[in-house]
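Each remark here refers to the structure printed beneath this line.
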Amino acid sequence: MAAQFDITKLMQTIPGLDVPNLKNSKGHGFNCFLYDGLFLFAPPTLLLKGKSPIAGLQSIKEAAMKDDDVIICAYPKCGTHWLWEVIEMLKSGVIEYRKETKETRMIEIIYKDGIDAIPTPRVLNTHLPLRMLPKQVVEKKVKCIQIMRNPKDVCVSYFNHYRNMVPPLGYEGDFAEFTEAFVTGKLCFGSYYNYLLTWKAELAGSPAVPVLDLVYEDMKHDPVKSVKDVARFLGLTTTDQFCEDVAFACSFKKMKQIDKDRKLGTAIDIWREGSEGTFYRKGEIGDWKNWFTVAESERFDQMWNKKMKDSGFKFTYTPV
Ligand code: A3P
């Protein structure tokens, strides 16, 4: 399996690829390349099929958008898988889980060719900033949904994601080391605060793009309301009962079970053998309390507040 992920080797063979050193003093860090100011991972060689990730990323700008496209835009670990399944059900009008994984609709993995090949209605997803998305997102005012989550739970979720991945994708450091990388932005997709601030600034430059802001904690608190908000934003005609059914079908417990069954057919397994790697780990608000020491939590708050105090972003850190 690991051969599919020989990213270090792949990155060495691509001329002009800017590969920064993101390792800490213990040698722990991420294998990313720098593209347009952002640290990105190279998709598995199997998916790249000999193509350069730079050419792939450039091609995204030219992908044709359709009027009924929807794009989920989020920093990693904010709940994209959950929201993707919700929107797929709302758009299809049927309570049926997608057989494909969310990654088959991920813009920075499939690039222009992959986007063009998806039949409508298309529910795409991405961690990229607005400037890297297809030009037509702005031109055609494609509907985007942003999902955000409190940064401490994002950090914990991201750490668990990476420590369970196969080498050389996975992270070998401990939680404290990861937190340092997280707050300094030395990891794939950069820092969370940079993502949020960049998204806000870029959207201010293209205010006609319709964006619905969702919050993971609100979705947990009242999933039916969030499903209805999404349906309204997308201009879909639904019944209250259908929205309730969607919220129930997309509850954490249900989706975790479905993922286990669907995994059987997954061509590429990104998780380390014997690990508990999954996109459906705990699905809770406030798990960060089990990971941060009091001192670490205070340091995290200080760093976060320094960057974000005037940004207008506010998060909930415990269940209501
Ligand atoms: P945890 O690691 O805290 O459990 P993403 O989809 O953006 O990668 O985010 C993954 C996070 O969302 C994981 O968080 C995962 O458990 C959680 N998640 C996935 N499906 C969920 C659902 N139906 N309800 C609540 N949380 C969910």
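Between Pro76 and Phe189, the shortest heavy-atom distance links the atoms CG-CD1, 3.7 Å. Residues Ala231 and Leu90 share a closest heavy-atom pair of N-CD1, 3.9 Å. Taking both residues in full, the closest heavy atoms of Val166 and Trp271 are given as CG1-O, 3.5 Å, listed atom of the first, atom of the second, then distance. The two residues Phe182 and Ser191 have their closest heavy-atom pair at O-CB, 3.8 Å. Residues Cys73 and Leu133 share a closest heavy-atom pair of SG-CD1, 4.5 Å. Of all the heavy atoms in Tyr192 and Val154, the pair that sits closest is CE2-CG2, 3.9 Å.
Here Glu88 pairs with Arg98 in a salt bridge; the nearest charged N to carboxylate O distance falls below 4.0 Å. Ion pairing between Lys256 and Asp259 fails under the 4.0 Å rule for side-chain N and carboxylate O. In summary, Arg281 and Asp287 engage in a salt bridge, as defined by a charged side-chain N under 4.0 Å from a carboxylate O. We find that Lys254 and Glu85 are not joined by a salt bridge, their nearest charged nitrogen and carboxylate oxygen being 4.0 Å or further apart. Look at Asp301 and Lys152 and you find a salt bridge, because one of the NZ, NE, NH1 or NH2 atoms lies within 4.0 Å of a carboxylate O, short of that distance. One finds a salt bridge joining Arg131 and Asp36 here, because a Lys/Arg side-chain nitrogen approaches an Asp/Glu carboxylate oxygen to under 4.0 Å.
Counting non-hydrogen atoms of other residues, nucleotides and ligands closer than 6.0 Å to NZ of Lys66 gives a total above 12. Around atom CD of Glu284, more than 12 heavy atoms belonging to other residues, nucleotides or ligands sit under 6.0 Å away. Residue-environment remark: NZ (Lys307) stays at or below the threshold of 12 foreign heavy atoms within 6.0 Å. The number of heavy atoms from other shown groups lying within 6.0 Å of NZ (Lys61) is above 12. Heavy-atom neighbours of Lys228 NZ from other residues, nucleotides or ligands within 6.0 Å: above the threshold of 12. Around atom CZ of Arg299, no more than 12 heavy atoms belonging to other residues, nucleotides or ligands sit under 6.0 Å away.
Here the straight-line distance linking atom CD1 of Ile270 with atom OG1 of Thr278 works out to 9.5 Å at 0.5 Å rounding. Taken to the nearest 0.5 Å, the CG atom of Leu196 stands 7.5 Å off from the SG atom of Cys78. Expressed to the nearest 0.5 Å, how far CG of Asn194 lies from CG of Leu38 amounts to 8.0 Å. We find the CD-OH distance between Glu108 and Tyr35 to be 12.0 Å, quoted to the nearest 0.5 Å. Summarising the geometry, atom CG belonging to Leu22 is positioned 10.5 Å from atom OH belonging to Tyr171; distances are rounded to the nearest 0.5 Å. Distance check, rounded to the nearest 0.5 Å: OH of Tyr193 to CG of Asn305 gives 12.0 Å.
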Inset, instruction - Check the pair His161, Phe279 against ring pair (Phe, Tyr, Trp, His ring centres under 6.0 Å), reporting the backbone distance first and the verdict last. - result: CA-CA 7 Å; His161 177 105; Phe279 286 103; 5.5 Å; yes
Inset, instruction - Starting from the C-alpha separation in whole Å, work towards a yes-or-no answer on ring pair (Phe, Tyr, Trp, His ring centres under 6.0 Å) for Trp199 and Tyr75. - result: CA-CA 10 Å; Trp199 182 263; Tyr75 189 76; over 10 Å; no
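With Glu172 as the fixed residue, the salt bridge (Lys or Arg N to Asp or Glu O under 4.0 Å) test singles out one of Lys23, Lys26, Arg272: Arg272. Each of Trp288, Phe300, Trp291 was evaluated against Phe175; a single residue qualifies, Trp291, per the ring pair (Phe, Tyr, Trp, His ring centres under 6.0 Å) test. Of the candidates Asp116, Ile118, Ile60, Thr104, Ile110 forms a side-chain contact (heavy atoms from CB on, under 4.5 Å) with just one, namely Ile118. Phe30 pairs with exactly one of Phe41, Tyr162, Phe39 by the ring pair (Phe, Tyr, Trp, His ring centres under 6.0 Å) rule, that one being Tyr162.
Although no hydrogens or angles enter the test, the distance criterion places a donor-acceptor pair under 3.5 Å between the side chain of Ser92 and the main chain of Met89. Checking side-chain atoms of Ser297 against main-chain N and O of Phe292 turns up no donor-acceptor pair under 3.5 Å. Looking at Gln146, its side chain never comes within 3.5 Å of a backbone N or O of Val211 through a donor-acceptor pair. The backbone N or O of Glu180 sits less than 3.5 Å from a side-chain atom of Thr184, completing a donor-acceptor pair. Distance alone, capped at 3.5 Å, places no donor-acceptor pair between the Thr120 side chain and the Arg122 backbone.
Defined by atom type and a distance below 3.5 Å, a donor-acceptor pair is missing between the side-chain atoms of Glu276 and Asn164. Checking Asn24 against Glu177 by side-chain atom types alone, a donor-acceptor pair falls below 3.5 Å.
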